[in-house]
Amino acid sequence: MADNSRHLIGLLLGAEEDWPQAFEALLRRVGSVTAGGKTHEFETERLTIEPFDLNDPVKVELVIDRLAYWYYHPREWLKKAALMNGTYLLNSPFTFQAMEKHSAYCAMLRLGLKIPKTVLVPYKNPVDNVRWAYTSAKYNKTFDLDAIAEDLGYPLYMKPFDGGGWRGVSRINDNDDLHRAYDESGEMLMHLQATVEYDKFARALSIGAETMVMDFRPEEPMHNRYAVSHGFLSQSAGHQTVAISRIVNAFFGWEFNSCEMLVRGDSVHPIDYANACPDVAVTSLHYYFPWAISALVKWSVFSLATGRRSSVDLQTDKYFAIADDESLDYDAKIEAYLALADAHFDTVRYHEWCAENLPDFDARVRDWFSGSEFTDILRETVVATYPTDEQEKFQAHFQGLINLWLADQSER
């Protein structure tokens, strides 16, 4: 007789209600899983923020964190849970804190990825520190902002070195834009980054060993930014976008992250790939929402049932050894990095495990998304998001896209 093993998943949430409700509902549809001589059962708990003793026990085995990137108290609790209690974290607060945009750019440049040319410029305004005046007067070197911009070429982008959620991002078309944006940056530390003439803006959402590359249109309103577009990239570019997203995540120890890339022909240029709280809202992902929540459930269940362990150690030397191998061209290095990433995520085993232990889960997912419980959650979300006179329109818009996903899944 198999031993029973009960697993508790903690959800650390901000203002979201749509995907947590969907996650909880789909996890219930997993039911009991018998694998490895044990019968595994899974439950969730929404975590609260309160004082904690560093020696307090932690009852949740895995945490999906959507809060600690801006709320530091739960971030420090996550660090304690990982270091002292072995709690499995989909996203490491250690690397997300240390490897903000700037460090992530540097690391991926070191691997030879096609990051657009980027320059870090000093603060526009003095920082709030009594030592500023002396240090600045003695050591800050004067520089020509216009010359830097001319070297990068217009148009370019100005964005915070540690930004997220498009905070402080400006498209710079000319000298006037440059000085206006720099003046407004205040005490934010800013990058200037060359742009790339591109055919497609791809956003890859990776959850564990699964990746979905989506046709992203940042100029559109949120409900229309993700185009339902299959095969919008060449075979080579499509492979690279998946590979780069997984390489980034494996390198930093991230398991729930999005990567934005500019694609021109077969050339892929990552521009943003350190996202501690990737977009999984039904009102933006719409068609891709069922895949995202299903992948999140499956990865959580797989990680707990197989005893997967997270680590605060990054094995970057393995990647740097490939980067420094002069016998490998760019494509060969991407494949070698991808092999390390797939080993990190245990990709083959993951898919085999899901096929063996969750054989009808995809059908259960389709059944739930076609039912009234999801419709009610969608209605709640639309009511909370849009003005009264637009709610009927958006309810029909998002329900139509979910129905399109259901039809596509049935055909497959």
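What you are looking at is a predicted structure, and each value in this text was computed from that prediction instead of being measured.
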Write down the atom of [X], the atom of [Y], and the distance for their closest heavy-atom approach.
{"X": "Ile9", "Y": "Val60", "result": "C-CG1, 4.3 Å"}
{"X": "Ile271", "Y": "Pro116", "result": "CG2-CG, 3.8 Å"}
{"X": "Leu156", "Y": "Leu152", "result": "CD2-CB, 4.2 Å"}
{"X": "Pro155", "Y": "Arg171", "result": "CG-NH2, 3.2 Å"}
{"X": "Ser303", "Y": "Leu62", "result": "CB-CD1, 4.1 Å"}
{"X": "Leu78", "Y": "Pro93", "result": "CB-CG, 4.1 Å"}

According to side chain to side chain donor-acceptor pair (under 3.5 Å), who are the partners of Glu45, at least two apart in sequence or on a separate chain?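 Side chain to side chain donor-acceptor pair (under 3.5 Å) check on Glu45 returns Lys59.
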Could you tell me the separation between the OG1 atom of Thr48 and the CG atom of Leu13, rounded to the nearest 0.5 Å?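 Going from OG1 on Thr48 over to CG on Leu13, the span is 11.5 Å.
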Do the numbers put Arg364 on top of the ring of Phe361, so that NZ or CZ is under 6.0 Å from the six-membered ring centre and no more than 45° off the axis?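 Not satisfied by the 6.0 Å and 45° rule.
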Taking atom types as modelled and ignoring hydrogens, do the side chains of Lys159 and Gln193 form a donor-acceptor contact shorter than 3.5 angstrom?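 Looking only at side-chain atoms, Gln193 and Lys159 do form a donor-acceptor pair, the distance falling under 3.5 Å.
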Can you see whether Asp65 engages Asn91 through a side-chain donor-acceptor pair at a distance of less than 3.5 angstrom?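 No donor-acceptor contact under 3.5 Å links the two side chains.
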Just wondering, more than 12 heavy atoms not from Arg46 lying within 6.0 Å of its CZ?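 It does: Arg46 CZ has more than 12 such atoms within range.
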Using ring centroids (six-membered ring only for Trp), state whether Phe52 and His73 fall under 6.0 Å.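 Yes, the ring of His73 comes within the 6.0 Å limit of the ring of Phe52, centre to centre.
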If a pair satisfies side chain to side chain donor-acceptor pair (under 3.5 Å) and one of its residues is in residues 227-247, list it, with sequence neighbours excluded.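 Found Ser206-Ser245, Thr211-Arg246, His230-Tyr287, Ser234-Asp266, Ser236-Gln240, His239-Glu335.
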Any pair with a residue in residues 252-284 that passes ring-ring contact (aromatic ring centres under 6.0 Å, His included), sequence neighbours left out, goes on the list, sorted by first then second residue, please.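 Every pair satisfying ring-ring contact (aromatic ring centres under 6.0 Å, His included) with a residue in residues 252-284: Phe96-Trp254, Tyr105-Tyr273, Phe252-Trp254.
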